[in-house]
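Chain letters run A, B, ... following the sequence lines, proteins first, then strands; residues in each count from 1.
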Amino acid sequence: MLPNKSLFLAVYFYIINYFHSYFLMSDKEIRVRFAPSPTGYLHIGGLRTALYNYLFAKNKKGKFILRIEDTDRNRYVEGAVENLISTLNWAGLQADEGPKYGGDYGPYLQSERLDIYNEHIKKLIDDGKSYYCFCTQERLTELREKQKKETIQTKYDKHCLKFSKEEIDNKLNNNIPFVIRLNVEPNKKILFNDIIRGEVTFNSDTIDDQILIKSDGFPTYHFANVVDDHLMKITHVIRGEEWISSTPKHVLLYDYFNWERPQFAHLPLLLNSDKSKLSKRQGDVAVEDYMQKGYLKNALINFIALLGWNAGDDKEYYTLDELTNAFSLEGVNKSGAVFNLEKLNWLNAEHLRNISNDEILIMLKDEISKSKYSNFNGTDEYLLLIIEAMKERVSFVKEYIEKCPYFFEPPSEYDEKVMKKRWKEDSPDLLKIFSQRIEQLVSPTKEGYERILKKLCEEKEIGLGRLIHPLRLALSGVGIGPGIFDLIFILGTEESLKRIDKALNQIK
RNA sequence: GGCGCGUUCGUCUAGUGGCUUAGGACGCCGCCCUCUCAAGGCGGAGAUCACGGGUUCAAAUCCCGUACGCGCUACCA
C-alpha cells in the first residue's frame, strides 16, 4: 500500500524537519561578509565571492555585510568604495551593513578602526603572543636571500624576540621604526575544518611570524580581518582559495585571543581558458566591463553562480531568488572553473527572452540613444513591434539595433550573395505588381500583406519564396531576419513602397 | 625550493561503493519545422572518470603513491 507508506514518510520527514529547523533557529544569527580592498573596480571573481556570501546569508535568513579592507594605503584608489557599492547594487547584492549603509558593528572601513586594532594588539603583546620587531628592510631581504640560496623556507628568524622589556622600551622611546609580528610556536599541528574541503592541516614550522601591524601603524589583512570578523560577529568566512595558506595564521590568532573560530569555506578560483587564475591579460575581469558590453545582471549572476556551484540537478536557468533558495556551501566544488564566455552569452539570451517587452523597450531606447540612431524618433509602438519580431533572434539588447538596422534606416546596399541567389529575372516585375496591390490596402495588416502576396504567387504559378526573397532583400538589404510579413508590416506600406522602388533602381 | 589545494567530454557540471554500456548544459555537426535567419524539436560526435597500485564480491566514488595544474610563500589583499 504505497499511499500509506508515503504518508508515513511525509509525516516522518515533517517531524525531522521540525526539530531540525527548531535547532537551527535557536542557533545564532548567520553573519557573513564580503571584504574587498578598494583597488578601483570589482573583479568578476570578487563578484562571485560576494554572490556566494550573499546567497548563503539570505538562504539562512542571515546578514550580508560589506567591509572595506583599505589597510594598504598604497593601493587606495579614489572613489573605489562608491564604485564597489554601486556595482554590487547593480548586481542586486545589497549589503545589510557596511559603509554608507551603517550597522551596529561599524565602522566598516578598516582605516577607521585603527584604535580597535591597537587596543587588541596590546593584549597579544602582553601575552607574548606577538612581539615588536625592529629589523630593517635590508636585514629582512638579506635574510630572505640567504634562505633562498640555501633553498630552505623563507621566513623570519625571530631575531627580535630575544629583546628584554628594557631594550624594547628603549628602542620605542628612541622612535626606532617597528612592526609587530605574530609569535608562532614551533612544531605545532594546526588544523582547521573547511566546509568545502574538509580538514586542512599545517605544521606551524611552515608558518611565518606574520607581520600584524605595519610600521605605518596600519594592521595587515591577517590581523584586521580576524579582529573585525570577531567583533562583527561573523559566523562564516567565505572567501577565495588563495587564502587557504594564510588561514593557519588566522586560526592561531583566534586561539591566542581565545575567540571562537568562524567556519571557513574556501571557494575555488575562476580561471582563464589556459587554467591560470583569471586575469586581465586574457579578457575582461571587471564587472563594469560586462555591464558595458550589455550583459544582463541576471545572466551574469546566474552564470557565475554556476561556476563552482551546483544544486545537484540539471537546472541551469536561475533567478537570484531561485539561487537564494537552492544555494548551499555543500554544493560548491573544489576545483577551479574556466570562465567560458559562450555559455554566458547563451544565458544572456535566455534571460533576455524572459524579460517583458516593456522592460526591453526601456533598455532599447537607452541603447538607441547611445547608438548612431540617437535622433531616431519612432514611436514606442514601432519599437515594440521590432522587439516582438526580433526577440528569438537576439542575445543582447544592442542587437535589436545591430542585427536589424533596416528598422532604423533604409538599406544603403544589398547583400551581394543574396542578390545573386535570390534576385531573378522576374523579380522586378513581381515586385512592381506587388507594390501596386499593397498600395490599395486600406488598413494594412500582416494578414492583408500575406493574402496579397499569396494570391500574386498563385496567379503567377510560382512558389512563395520566389517573391518573398527578393522582397526581403529590397526591404532590408539582407537575406536574414524576421518573417517577411512581420517585416513589411512593421515598415508599413509607404516605407515599403519607397524601398521597393529604390531596390528596383539599384539592383540590376 | 617549501607548504597547501585540486584533477569526470573542448568548457561548466551530475555522480557520495552496485540504479552508470558515466547523465545534463554550452559549443560543434546533422535532421525536422520553415519564406530566410533564429527559436524550438529530434539525433550525433565528444570523458579508457590524470596515472599506478591497493581495499572490496563490486570503485569515478574508499586508501596509498606518482604526475600534472593551481594557490600561497611581502611592512598586498
Side-chain angles (χ1 to χ4, degrees), chain A residues 35-39 69-72 74-75 133 135 137 140-141 144 147-155 177-181 194 196-197 200-203 205-208 210-222 224-225 239-248 266 268-269 271 273-277 303 306-317 333-347 349 353 390-395 403-404 418 421-422 450 453 457 463-469 471-473 476 478-485 487:
Chain A
S37 51
T39 52
E69 310 256 337
D70 58 348
T71 54
D72 183 1
N74 302 321
R75 292 226 287 182
C133 171
C135 288
Q137 202 62 252
L140 258 22
T141 36
R144 208 170 1 246
Q147 289 166 333
K148 266 188 185 159
K149 209 168 281 173
E150 293 169 18
T151 61
I152 57 170
Q153 194 202 343
T154 56
K155 65 175 211 182
F178 66 88
V179 299
I180 297 171
R181 312 188 87 112
D194 188 286
I196 295 166
R197 288 149 213 282
V200 184
T201 321
F202 291 82
N203 185 297
D205 285 348
T206 67
I207 296 157
D208 203 359
Q210 182 62 230
I211 290 177
L212 266 17
I213 303 288
K214 298 181 267 187
S215 57
D216 63 2
F218 277 67
T220 56
Y221 169 85
H222 302 97
N225 109 84
R239 80 235 291 193
E241 185 187 313
E242 67 268 29
W243 292 107
I244 292 180
S245 328
S246 36
T247 303
H266 287 97
L269 258 24
L271 272 23
S273 43
D274 68 355
K275 303 241 178 194
S276 59
K277 191 174 166 183
F303 178 62
L306 258 21
L307 245 34
W309 171 84
N310 185 282
D313 54 26
D314 288 341
K315 188 171 163 69
E316 303 241 50
Y317 182 95
N333 286 129
K334 296 172 169 59
S335 52
V338 173
F339 194 89
N340 179 226
L341 270 181
E342 273 161 350
K343 192 149 186 175
L344 207 208
N345 291 343
W346 169 73
L347 267 174
R353 274 180 215 119
M390 292 299 292
K391 205 159 188 176
E392 301 296 313
R393 284 162 248 263
V394 299
S395 298
K403 286 199 166 178
C404 48
V418 181
K421 185 173 178 190
R422 306 291 196 187
E450 188 169 351
L453 188 138
C457 291
L464 298 180
R466 188 85 173 183
L467 175 50
I468 284 173
H469 295 299
L471 178 58
R472 174 188 301 286
L473 183 66
S476 71
V478 293
I480 58 173
I484 191 71
F485 305 114
L487 178 59

When both hydrogen-bonding distances must be under 3.5 Å and the geometry is Watson-Crick or G-U wobble, what is [N] paired with, if anything?
N: B:U11; value: B:A25
N: B:U36; value: none
N: B:U66; value: B:A50
N: B:A74; value: none
N: B:A45; value: none

Exam field: side chain [X] to backbone [Y], donor-acceptor pair closer than 3.5 Å:
X: A:Ser37; Y: A:Thr39; answer: no
X: A:Asp72; Y: A:Asn74; answer: yes
X: A:Arg472; Y: A:Pro482; answer: yes
X: A:Lys275; Y: A:Gly336; answer: no

Could you tell me the separation between the [atom1] atom of [X] and the [atom2] atom of [Y], rounded to the nearest 0.5 Å?
X: A:Leu453; Y: A:Ile484; atom1: CG; atom2: CD1; answer: 8.0 Å
X: A:Ile468; Y: A:Leu487; atom1: CD1; atom2: CG; answer: 11.0 Å
X: A:Leu306; Y: A:Asn340; atom1: CG; atom2: CG; answer: 12.0 Å
X: A:Arg466; Y: A:Leu471; atom1: CZ; atom2: CG; answer: 14.5 Å

Can you see which heavy atom on [X] is nearest to which on [Y], and at what distance?
X: A:Thr71; Y: A:Pro219; value: CB-O, 3.3 Å
X: A:Ala349; Y: A:Val394; value: CB-O, 4.1 Å
X: A:Gly481; Y: A:Arg393; value: O-NH1, 3.3 Å

Quantified in whole Å, what is the [atom1] atom distance between nucleotide [N] and nucleotide [M]?
N: B:G18; M: B:A59; atom1: P; result: 11 Å
N: B:A22; M: B:U61; atom1: P; result: 14 Å
N: B:U48; M: B:U11; atom1: P; result: 12 Å
N: B:C75; M: B:G71; atom1: C1'; result: 22 Å
N: B:A47; M: B:U13; atom1: C1'; result: 13 Å
N: B:G17; M: B:C63; atom1: P; result: 12 Å
N: B:G24; M: B:G46; atom1: C1'; result: 14 Å
N: B:C68; M: B:C62; atom1: C1'; result: 23 Å

Note to self: Quick one, A:Ser335 with A:Asn333, criterion side-chain hydrogen bond (donor to acceptor under 3.5 Å, both in side chains). Give me CA distance, side-chain angles, the key distance, then yes/no.
What the structure shows: CA-CA 6 Å; A:Ser335 52; A:Asn333 286 129; 5.8 Å; no
How does protein contact run along [range], one letter per nucleotide 5' to 3', with B for base contact, S for sugar-phosphate only, - for none, heavy atoms under 4.0 Å?
range: nucleotides 60-65 of chain B; answer: ------
range: nucleotides 42-48 of chain B; answer: -------
range: nucleotides 72-77 of chain B; answer: SSSBBB
range: nucleotides 16-34 of chain B; answer: -------BBBSS-------

Any non-hydrogen side-chain atom of [X] less than 4.5 Å from a side-chain atom of [Y]?
X: A:Gln147; Y: A:Gln153; answer: no
X: A:Glu316; Y: A:Lys343; answer: yes
X: A:Leu140; Y: A:Cys135; answer: yes

Please work out if [X] contacts a base, only the sugar-phosphate, or nothing of the nucleic acid, heavy-atom cut-off 4.0 Å.
X: A:Arg353; result: sugar-phosphate
X: A:Gly481; result: base
X: A:Gly463; result: nothing

Note: for A:Phe202 and A:Asn333 on RNA chain B, the residue whose nearest nucleotide lies more 5' is A:Phe202
Result for 5'-nearest mapping on RNA chain B, choosing between A:Ser276 and A:Arg393, is A:Arg393
Take atom [atom1] of [X] and atom [atom2] of [N], then tell me their distance rounded to the nearest Å.
X: A:Glu150; N: B:G2; atom1: CD; atom2: P; value: 15 Å
X: A:Ile484; N: B:C35; atom1: CD1; atom2: C1'; value: 7 Å
X: A:Arg239; N: B:G71; atom1: CZ; atom2: C1'; value: 13 Å
X: A:Asp274; N: B:C68; atom1: CG; atom2: P; value: 18 Å
X: A:Arg422; N: B:U36; atom1: CZ; atom2: P; value: 7 Å
X: A:His469; N: B:C35; atom1: NE2; atom2: P; value: 8 Å

The side-chain hydrogen bond (donor to acceptor under 3.5 Å, both in side chains) partner of A:His266 among A:Arg197, A:Lys334, A:Arg239 is A:Arg239
Exercise. Please determine if a side-chain N or O atom of A:Lys275 lies less than 4.0 Å away from the OP1 or OP2 oxygen of B:U11.
Key: yes
| field | A:Lys148 atom NZ: more than 12 heavy-atom contacts under 6.0 Å | value | no
Report, one pair per line, the protein and nucleotides 5-7 of chain B atoms (nitrogen or oxygen only) whose separation is under 3.5 Å.
residue : atom : partner  : partner atom : Å
B:C5    : O2'  : A:Arg197 : NH1          : 2.6

Contacts of A:Glu69 meeting side-chain hydrogen bond (donor to acceptor under 3.5 Å, both in side chains) (sequence neighbours excluded), chain-then-number -> A:Arg67, A:Gln110
